[in-house]
Amino acid sequence: MKNSLYISFTVRNLLDNQTIKPEILIQKVSLIALSILLSILLVILGVHQWQVSDPYVKSVLSLRGDPVLGHAIFQMNCAGCHGLEADGRVGPSLRNISGRKSKLKLIHQVISGRTPPMPQFQPSPQEMTDLLSYLETL
C-alpha cells in the first residue's frame with residue numbers, strides 16, 4: 001500500500017508540474033486544423049476527379065461547341081421554361097449562367113433532373129457541348 005501511494009503521489013506531482021506551454025498548444029491545434037483542412041481538400045478533389053472521369057462528361061468537355069446549334073437545342077428543349085431569351089419564366093433566368101456555374105455543374109444540372117420541375121435530359125455529347133457554348137453567350 002505504501003508503494004502504491006508513493007507511485008500515485010509521484011505521478012500526480014509530475015502531472016501537476018507539467019504545464020503546457022502556449023506555443024506547444026498552438027502548434028498542436030494548428031496541426032489538427034491543418035489535418036482537417038487537408039482531409040476536406042482531398043475529399044473535394046476526389047469528388048471532382050470522380051465527376052470529371054465520367055465518360056459522358058469527358059466526351060462533352062473534349063469537344064468544341066457551336067453556339068448557333070446550341071441556341072436551336074435551347075429553343076427546342078429549354079425555352080419553354082427558361083424563356084425564348086433565357087431570361088426566365090417557370091425556370092430561372094440563365095443570363096450569365098456560365099459565370100455562376102462551371103461547365104461541370106451545368107452538365108450535371110441538365111442531365112440529372114434533380115432540380116424539379118426540370119426534367120432529366122441527356123443530349124448527345126456534341127449537343128451538350130453546343131448547348132454549353134450557347135449558354136456562354138448569354
Side-chain angles (χ1 to χ4, degrees):
M1 174 132 171
K2 197 173 187 184
N3 283 341
S4 66
L5 271 175
Y6 176 75
I7 292 172
S8 175
F9 179 74
T10 304
V11 170
R12 192 173 305 132
N13 280 345
L14 286 173
L15 291 175
D16 289 341
N17 290 334
Q18 283 186 349
T19 57
I20 299 176
K21 294 181 181 179
E23 299 84 21
I24 294 173
L25 185 60
I26 290 171
Q27 285 177 346
K28 287 183 179 184
V29 170
S30 297
L31 283 174
I32 291 170
L34 184 61
S35 297
I36 291 170
L37 184 63
L38 285 174
S39 297
I40 292 170
L41 183 63
L42 286 173
V43 167
I44 290 170
L45 288 174
V47 167
H48 178 74
Q49 189 62 33
W50 173 74
Q51 289 174 333
V52 174
S53 69
D54 178 290
Y56 177 77
V57 173
K58 276 178 119 170
S59 180
V60 169
L61 295 176
S62 71
L63 298 170
R64 179 171 286 214
D66 180 345
V68 174
L69 293 175
H71 181 258
I73 293 166
F74 180 86
Q75 293 300 313
M76 289 186 293
N77 297 287
C78 313
C81 293
H82 293 286
L84 292 173
E85 301 300 318
D87 49 6
R89 286 182 64 193
V90 174
S93 170
L94 298 178
R95 295 285 179 185
N96 194 32
I97 191 68
S98 61
R100 296 189 315 261
K101 288 191 174 200
S102 69
K103 285 184 177 184
L104 183 64
K105 286 184 180 182
L106 287 171
I107 293 167
H108 285 287
Q109 178 78 38
V110 170
I111 66 174
S112 73
R114 289 188 195 149
T115 311
M118 188 166 159
Q120 185 175 6
F121 169 59
Q122 187 159 352
S124 72
Q126 185 62 58
E127 290 171 332
M128 178 60 82
T129 303
D130 294 338
L131 181 60
L132 290 173
S133 292
Y134 170 68
L135 293 175
E136 288 176 352
T137 68
L138 299 176

So if you build clusters from Ile, Leu, Val, Met, Phe, Trp, Tyr with side-chain heavy-atom gaps below 4.5 Å, do [X] and [Y] land together?
X    : Y    : result
L63  : Y56  : no
F121 : L135 : yes
L138 : L131 : yes

To check you understand the geometry: which heavy-atom pair defines the closest contact between [X] and [Y], and what is its length?
X    : Y    : value
L106 : S98  : CD1-CA, 4.5 Å
P125 : S59  : CB-OG, 3.3 Å
Q120 : I111 : CG-O, 3.0 Å
L104 : V57  : CD1-CG1, 3.5 Å
D130 : R64  : OD1-O, 4.3 Å

Heavy-atom check, side chain of [X] versus side chain of [Y], under 4.5 Å:
X    : Y    : value
I107 : L61  : yes
K105 : R100 : no
M118 : V110 : yes

Can you give me every donor-acceptor pair (side chain of residues 88-96, partner residue at least two apart or in another chain, under 3.5 Å) with its distance?
residue: R89; atom: NH1; partner: G80; partner atom: O; Å: 3.4
residue: S93; atom: OG; partner: A86; partner atom: O; Å: 3.4
residue: S93; atom: OG; partner: R95; partner atom: N; Å: 3.2
residue: R95; atom: NE; partner: E85; partner atom: O; Å: 3.2
residue: R95; atom: NH2; partner: E85; partner atom: O; Å: 2.7

### Message
Once ring-ring contact (aromatic ring centres under 6.0 Å, His included) is applied, what residue pairs with a partner in residues 73-105 remain, sequence neighbours excluded?
### Response
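Applying ring-ring contact (aromatic ring centres under 6.0 Å, His included) to every pair that reaches into residues 73-105, excluding sequence neighbours, yields F74-Y134.
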